[in-house]
S.K.: 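Have a look at this one before I ask anything.
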Amino acid sequence: SDLYKAVVDDSIVLNNWLKNASFETYAASAFTNWLLSGAGGTAAQDTTTVPVKHGSYTCKITRVGTDTVLTQGITQVVALEAAKGRSITFYCWVFASVASAVCIALYDGTTRSKSDYHEGQSRWELLYVTASIAEGATDFRVELRVETTNTSAYFDDARVRGFPKLYLYDLPSDFTREPSSVYFEN
């Protein structure tokens, strides 16, 4: 019989269409691949306030005065086309101390589908929202939302599921010169 140890290695097999989903890349007061909206609100990397769920950092979003939203658009045409007509699920780990003020959402240019709100019990909760993306969708984005109350919340390890599986294999340099990576959709 074979002995082996199962290993999850996100650098080898990717099945998440979001970029910077664990909020590891941050420069010039902004998360790479994410857009902040909401006057007065902020988004910053954090390592000390709450235990980090995945990787080295978590995303801290603070609402000041108006609802604050951190958004990532799936801007590749192939991804938007792949989403149309599908049931897509967006997951994200969220830490909040105020109930009914923090959620996540999917937006397709017409309809915004929101998750349940965080219970506000100062712990990590896995929030998720599932929505069918309309055939006529003109946009497709995920949103991390802090609403109605001036508070801070923490987000980590965001995932989008429902697309075909995407596999990325980095090929050793002694194996081939071009290409250096091969992508497969399943």
Side-chain angles (χ1 to χ4, degrees), residues 10 16-75 79-80 83 86-134 137-163:
D10 284 350
N16 186 11
W17 286 76
L18 295 179
K19 296 179 180 178
N20 196 20
S22 289
F23 307 99
E24 302 300 306
T25 309
Y26 184 82
S29 299
F31 286 99
T32 304
N33 303 111
W34 293 88
L35 178 65
L36 182 68
S37 62
T42 61
Q45 276 186 328
D46 190 89
T47 60
T48 58
T49 308
V50 299
V52 173
K53 192 69 179 169
H54 185 265
S56 299
Y57 300 98
T58 188
C59 170
K60 177 182 180 182
I61 299 176
T62 302
R63 180 188 188 275
V64 179
T66 60
D67 291 352
T68 303
V69 181
L70 195 64
T71 302
Q72 185 173 136
I74 307 298
T75 57
L80 178 57
R86 289 184 178 267
S87 179
I88 304 295
T89 303
F90 172 40
Y91 304 86
C92 190
W93 284 98
V94 181
F95 187 103
S97 59
V98 175
S100 302
V102 181
C103 68
I104 62 175
L106 286 169
Y107 180 68
D108 72 0
T110 302
T111 303
R112 177 171 286 107
S113 301
K114 293 182 182 181
S115 70
D116 290 338
Y117 284 89
H118 193 285
E119 293 177 358
Q121 297 181 355
S122 297
R123 66 177 181 205
W124 286 106
E125 291 178 19
L126 182 61
L127 299 185
Y128 66 92
V129 57
T130 300
S132 293
I133 306 303
T138 57
D139 193 3
F140 178 63
R141 67 180 84 166
V142 297
E143 299 174 338
L144 311 176
R145 305 181 64 86
V146 181
E147 305 173 338
T148 69
T149 302
N150 290 343
T151 188
S152 293
Y154 302 84
F155 300 82
D156 208 353
D157 201 21
R159 302 279 173 177
V160 170
R161 302 282 189 219
F163 290 107

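What you see is a predicted model; the values in this text were computed from it and never measured.
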S.K.: Is there a donor-acceptor pair closer than 3.5 Å between any side-chain N or O of Asp156 and the backbone N or O of Lys53?
M.R.: yes
S.K.: Report yes if some heavy atom in the side chain of Val146 is under 4.5 Å from a heavy atom in the side chain of Thr151; otherwise report no.
M.R.: yes
S.K.: Between atom CD1 of Ile61 and atom CZ of Phe155, what is the distance when rounded to the nearest 0.5 Å?
M.R.: 4.5 Å
S.K.: If only atom types and distance count, is the side chain of Thr68 paired as donor or acceptor with the main-chain N or O of Thr66 below 3.5 Å?
M.R.: yes
S.K.: Atom OG1 in Thr71, atom CG in Asn33: separation rounded to 0.5 Å?
M.R.: 13.0 Å
S.K.: Could you give the distance from CD (Gln72) to CG (Asn20), rounded to the nearest 0.5 Å?
M.R.: 7.5 Å
S.K.: If we only count heavy atoms from C-beta on, is the Tyr117 to Cys103 side-chain gap below 4.5 Å?
M.R.: yes
S.K.: When rounded to the nearest 0.5 angstrom, what is the spacing between CZ in Arg112 and CZ in Arg141?
M.R.: 7.0 Å
S.K.: Return the CG to CD distance between Leu70 and Glu143, rounded to the nearest 0.5 Å.
M.R.: 10.0 Å
S.K.: If you take all heavy atoms of Ala43 and Tyr26, which pair is closest and at what distance?
M.R.: O-OH, 3.2 Å
S.K.: Tell me every residue that passes salt bridge (Lys or Arg N to Asp or Glu O under 4.0 Å) with Glu119, counting only those two or more places apart in sequence or in another chain.
M.R.: Arg123
S.K.: Are the side chain of Asp108 and the backbone of Ile133 linked by a donor-acceptor contact shorter than 3.5 Å?
M.R.: no
S.K.: Return the NE2 to CZ distance between His54 and Arg159, rounded to the nearest 0.5 Å.
M.R.: 5.5 Å
S.K.: Side-chain polar contacts of residues 89-98 - donor-acceptor pairs under 3.5 angstrom, sequence neighbours left out - could you list them?
M.R.:
| residue | atom | partner | partner atom | Å |
| --- | --- | --- | --- | --- |
| Thr89 | OG1 | Thr130 | OG1 | 2.8 |

